[in-house]
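Working notes for the structure below.
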Amino acid sequence: MSRTRTAIVVGGGIAGPVAALALRRAGIEATVHESHTGTADGVGGGLGVAPNGRAALGLVGLDRIGAPMNAIVLQNHKGRVIAEIRQPMQFSWRTDVYRRLYDLAREHDVQVHHGHRLVDVRESDTGIRAVFADGTTSEEADILIGADGLRSTVRRLIDPAAPRPRYSGLLGFGARVDGAGLPPTGDRMYMAFGRRAFFGYQTFADGTGVWFANLPHPYLTWKEVGQTSNEEWLNRLGEAFAQDSLPALDLLRRTRPEQLITTGPMEDLPHVPQWHRGRMVLVGDSAHATSPSSGQGVSLAAESAVELARALRDLPHREAFAAYEGCRRARVERVIAQAARTNSGKAAGPVGRVFRDALLPLFARLATPEKSAWQYDHRIRWDDPVAA
């Protein structure tokens, strides 16, 4: 079987452009097809990029991301510090990462097409075509990569029985505040277990700040979340934190309704049985979506995109897909499971809160850099050959 020369990448968020750039570095021509008619500039909230993610993104030319976030300070609802965990992260806005990836794609002549919503594929012995909602098809390529997120069409085409996303019981919200009114927290992100919701914030030397909240709530779709006004969501969040001794209420009051970012239901995919079939393969959230609580979503997506490109550089696509899955599955599913445990603590009841607050200091003492090295110290050896 011949080596892969061309690829169709479905999905123009984060994983798609990273995959296309990594493929280009591997000598494979890739074209990105995005369902939305316009770009996602200005869309999305804040995110953490871990050292392993920065290393993977550096392999496609993206470095120096965001501001340092080297420790997480955990508080209870009274504002008392119950633990501090050293964690070498960078805080960035999703829109900034997105825009820099798109600029890199343009610099490397990677074409990105918008308004191409995938509905089907046409696969043959020699290649594959993507069929879009308007009836047009792409040019034939050797493979098709699904980087189309949590509700991936490519995942459904690979396996019609593929599992649906799992809801954590939490809705996500956040905002960038121009005048935070709080002293700078330096390189620390403060996270608080309130009585009724979870709150995190970081403030900077220029007076700006960022906050996020995870609100326990019965499941709502993105559309249903959007049917409630931002003013009403801010009011509900204020009620959730009204009995807490935290800066949450002050930051909420300083947030204008138009600044509120609703990130919707917090979901994950604990296990996707099939990552590939024929000439199709999955990367990023379409294969291994982890809850935002992991702080590893972008990092794992970047790692997988680069590892897939590296495997395709050295092996025929069937062997490359198997090698790629073999080196990724155990790692990503371990991160997903860990984030799920974190989410359960955020939604704890009155009794659970007591046990959680009592055990967190012990957990923090045990969370040494050596214990987390498997996550943060992971590096991709790009120049090493990939064996079948």
Side-chain angles (χ1 to χ4, degrees), residues 9-21 32-49 53 57 62 65-67 90-106 110-118 133 146-153 165 170-178 200 202 208-215 220-231 233-234 237 255-268 283-286 289-302 305:
V9 179
V10 178
I14 300 294
V18 175
L21 288 164
V32 178
H33 298 265
E34 165 59 39
S35 62
H36 291 287
T37 55
T39 66
D41 289 293
V43 176
L47 51 85
V49 184
L57 290 169
L62 181 59
I65 302 168
Q90 294 285 120
F91 174 84
S92 186
W93 293 99
R94 183 189 185 279
T95 185
D96 295 338
V97 177
Y98 171 87
R99 174 40 51 193
R100 291 182 65 185
L101 286 171
Y102 262 59
D103 290 343
L104 280 169
R106 185 174 60 251
V110 174
Q111 294 186 5
V112 180
H113 301 285
H114 288 88
H116 284 190
R117 181 169 66 84
L118 182 75
D148 49 342
L150 194 62
R151 288 169 174 77
S152 167
T153 298
L170 301 164
L171 298 179
F173 301 90
R176 187 197 311 234
V177 182
D178 297 328
Q202 186 173 4
T208 63
V210 57
W211 64 262
F212 72 90
N214 302 150
L215 179 68
L220 294 176
T221 65
W222 277 85
K223 183 178 180 180
E224 289 169 336
V225 172
Q227 289 171 352
T228 297
S229 68
N230 284 358
E231 291 91 341
W233 281 123
L234 285 170
L237 289 169
T255 303
R256 300 189 304 273
E258 63 271 18
Q259 292 177 312
L260 183 68
I261 300 167
T262 56
T263 54
M266 293 172 59
E267 299 171 293
D268 66 7
V283 296
D285 282 356
S286 61
T290 180
S291 163
S293 295
S294 71
Q296 283 279 353
V298 168
S299 297
L300 293 183

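Note that the numbering runs from 1 along the sequence shown for the chain. Bear in mind the structure is a predicted one, so any value in this text is a computation, not a measurement. All values below come from the heavy atoms of this structure, side chains included, with hydrogens, waters and symmetry mates left out.
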Minimal non-hydrogen separation, [X] against [Y], with atom names:
| X | Y | result |
| --- | --- | --- |
| Asp268 | Ser291 | CB-N, 3.8 Å |
| Pro257 | Glu231 | CG-CG, 3.6 Å |
| Met266 | Gly172 | CG-N, 4.2 Å |
| Ala213 | Leu237 | CB-CD2, 4.0 Å |
| Gly45 | Ile261 | CA-CD1, 3.8 Å |

Under the rule for ring pair (Phe, Tyr, Trp, His ring centres under 6.0 Å), what residues qualify as partners of His113, not counting sequence neighbours?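 Checked His113 against ring pair (Phe, Tyr, Trp, His ring centres under 6.0 Å); matches are His33, His116.
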Set of residues satisfying ring pair (Phe, Tyr, Trp, His ring centres under 6.0 Å) with respect to Trp233, sequence neighbours excluded: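 Partners of Trp233 under the ring pair (Phe, Tyr, Trp, His ring centres under 6.0 Å) test: Phe173, His217.
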Qualifying residues under side-chain contact (heavy atoms from CB on, under 4.5 Å), relative to [X], sequence neighbours excluded:
| X | value |
| --- | --- |
| Ala15 | Ala147, Val283, Ala301 |
| Gln202 | Met69, Phe91, Thr185, Met189, Phe204, Val210 |
| Ala302 | Val18, Ala56, Leu57 |

Could you give the distance from OG1 (Thr95) to CZ (Arg99), rounded to the nearest 0.5 Å?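 Interatomic distance, Thr95 OG1 to Arg99 CZ, rounded to 0.5 Å: 8.0 Å.
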Would you compute the distance between atom CH2 of Trp93 and atom CD1 of Ile65 and round it to the nearest 0.5 angstrom?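 Result: 15.5 Å between the selected atoms.
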Side chains of [X] and [Y] in contact at under 4.5 Å (non-hydrogen atoms):
| X | Y | result |
| --- | --- | --- |
| Leu62 | Val97 | yes |
| Thr255 | Trp211 | yes |
| Leu171 | Pro265 | yes |
| Gln259 | Asp178 | yes |

Not counting sequence neighbours, which residues clear side chain to side chain donor-acceptor pair (under 3.5 Å) with [X]? List them please.
| X | value |
| --- | --- |
| Glu258 | Arg256 |
| Thr39 | Asp41 |
| Ser35 | none |
| Ser299 | none |

Can you name the residues that form a salt bridge (charged side-chain N to carboxylate O under 4.0 Å, His left out) with [X], not counting sequence neighbours?
| X | value |
| --- | --- |
| Arg117 | none |
| Arg106 | Asp103 |
| Asp148 | none |

